Amino acid sequence: MSVRAVASPSASRDESIKAPLWLASAVWLIAALFYLTGFYQRVSPAVMTDELMRSFHIGAGALGNLSGFYFYAYVAMQIPTGVLVDSWGARRLLIWGPLIAAGGTFLFGATTNFALACVGRAMIGGATAVAWVVLLKLATHWFPERKFAMLSGLGLFFGNVGALLAQLPLRVAINDFGWRPVVIGSAMTILLVGVLAAAFVSNDPVDKGYTSYAPAVLQRVEKNRLGDILKGLGKIFAYRNTWLIFLSQGAVVGAILTFTGLWGTPFLKARFGLQPTSAASVCSIMIVCWAVASPICGALSDKIGRRKPIHTLGCALATIGWTALFYVKSLSLAEFAIVAAITSAASGAVVVGFAYGKESLPIRYMGTISAIVNIGNMIGPMILQPAVGHVLDKKWTGTMMHGTRVYELSAYQSGFTAIIAWLLLACVLLSLTRETYCKGEA
């Protein structure tokens with residue numbers, strides 16, 4: 001009786017110091033909003049390809065590089081971001097990231113110089129590189145472990161909302177106001193996210209007087225040595241799953257971001273004769289399906305207690321879908337949209353890769369492995385967007401319309417071959433991964 005009398009109040013006190021759900025959600029939501037703005041920036045060039053080509057007097061290859069500068073800087077910043085989030089914590093990065101991204105956005109929208117526009121895109125990419133890792137870091141500290149995959153999927157959902165805003169709504173805004181005023185206006189929104197982070201975000205519930213959900217070893221990492229993290233970086237690549245997941249992520253993400261983020265709108269014009277607003281609507285459908293499927297795939301993986309089946313099946317279905325979209329000429333526009341929706345939904349399984357990678361290594365490397373997996377994601381569009389553009393320029397027949405190069409459907413199909421090849425390789429790589437059964441390393 002005396003034991004029960006003592007234990008019960010203790011349990012009550014432990015429960016009472018957990019952070020209220022509204023506070024944890026607010027902290028996570030601010031990080032999710034920054035990720036949303038980063039995703040918006042990532043795919044926004046897709047609906048202004050003609051405007052960018054005319055404004056900077058460039059062809060498809062240079063446009064691919066202009067868009068690609070976001071990814072070059074994003075990828076370059078991932079390892080530093082993973083190290084910094086493990087040693088400095090999420091709060092600082094969530095304040096400075098939006099400030100720098102807002103500056104880069106303003107530069108991109110204001111300059112008439114192509115080189116400076118590339119610098120602006122690089123600033124945006126490097127600054128928003130912190131968003132996803134910070135989002136996962138805060139989820140680990142503010143929410144129970146069992147919610148991690150679901151929150152990862154929900155985070156990708158928010159990102160896809162940003163991508164959705166960068167389709168039809170952005171195209172309509174550009175039609176009404178022009179691309180430069182719209183881009184400069186978006187810089188102010190990004191700046192606001194940094195202000196919110198400074199006002200409300202803390203690294204850990206402990207900073208607010210509540211109990212942390214992070215394992216004790218991870219709480220210590222917040223305070224530990226940057227040198228130790230750097231020394232441990234090499235150990236991460238000794239784990240087989242690190243390489244396999246890293247190399248496979250870029251195929252799925254690269255396919256959907258290369259299409260919806262840059263070349264989908266002109267491809268749909270070449271194939272079906274669609275105007276930019278109509279083409280943006282098709283890409284919007286794809287983004288919505290990807291957004292909705294991501295948290296579902298994460299939650300389903302949590303429920304069945306396995307990562308490998310969901311991840312591998314999603315990649316296989318995406319491979320089949322993209323092959324049909326690019327090369328089955330008999331598809332009507334309606335049939336194309338249906339296949340595109342299914343393909344995008346299957347691509348939502350890529351979100352499982354973050355939980356999969358996190359569980360494949362000791363928890364103290366959580367921030368760094370999240371960054372490495374995210375590099376895997378971003379090397380896809382980083383390589384594929386300019387690669388497709390270079391193929392288009394090589395296949396260009398010399399046709400011009402309103403000061404913009406016009407590319408044949410066959411040129412797009414040639415350029416998209418690299419996407420299919422990478423997806424096929426990813427299916428093989430994922431089949432070789434080691435299942436974690438949703439249990440992390442000690």
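In this text, all values refer to a predicted model and were calculated from it rather than measured experimentally. What you see below is based on every heavy atom in this structure, not just the backbone, and it leaves out hydrogens, waters and symmetry mates.
Contact annotation: the side chain of V134 never approaches that of F34 to less than 4.5 Å [non-hydrogen atoms, C-beta and beyond]. Inter-residue side-chain proximity for I372 and I236 is flagged as met; some heavy-atom pair is nearer than 4.5 Å. Looking only at side-chain heavy atoms (C-beta outward), V27 and F143 stay at 4.5 Å or farther from each other. Under the 4.5 Å side-chain criterion, counting only non-hydrogen atoms from C-beta, H390 is in contact with N65. Inter-residue side-chain proximity for C438 and E359 is flagged as met; some heavy-atom pair is nearer than 4.5 Å. Residues F39 and L257 are in side-chain contact: their nearest non-hydrogen atoms beyond the backbone lie under 4.5 Å apart. Between L170 and I174, the closest side-chain pair of non-hydrogen atoms falls below 4.5 Å. With contacts defined as side-chain heavy-atom distances shorter than 4.5 Å, the pair V130/L94 does not qualify.
Looking only at distances, a side-chain donor or acceptor of T140 sits under 3.5 Å from a matching main-chain atom of L136.
Across all their heavy atoms, C315 and C427 have their closest contact at SG-SG, 3.7 Å.
A salt bridge links D393 with R405: at least one charged nitrogen is closer than 4.0 Å to a carboxylate oxygen. For E435 and R307, the salt-bridge test fails: no basic side-chain N is under 4.0 Å from an acidic carboxylate O.
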>> For a ring-ring contact (aromatic ring centres under 6.0 Å, His included) check, start with the C-alpha distance between F267 and F416, then their side-chain angles and the critical distance, and finish with the verdict.
In response: CA-CA 10 Å; F267 170 79; F416 292 155; 5.3 Å; yes

> For F71 and Y74, what are the C-alpha separation, side-chain angles and deciding distance, and is it a ring-ring contact (aromatic ring centres under 6.0 Å, His included)?
Replying inline: CA-CA 5 Å; F71 298 101; Y74 191 105; 7.2 Å; no

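For W290 and F157, the gap between ring centers reaches or exceeds 6.0 Å.
Surrounding CZ of F106 are at most 12 heavy atoms belonging to other residues, nucleotides or ligands under 6.0 Å away.
In this structure, a donor-acceptor pair under 3.5 Å is absent between the side chains of T49 and W263. T128 and Y70 form a side-chain donor-acceptor contact under 3.5 Å, judged by distance and modelled atom types alone. A donor atom on one side chain and an acceptor atom on the other are found under 3.5 Å apart for Q385 and S67.
Tested against W28, the residues Y213, Y35, F158, W22 include a single ring-ring contact (aromatic ring centres under 6.0 Å, His included) partner, F158.
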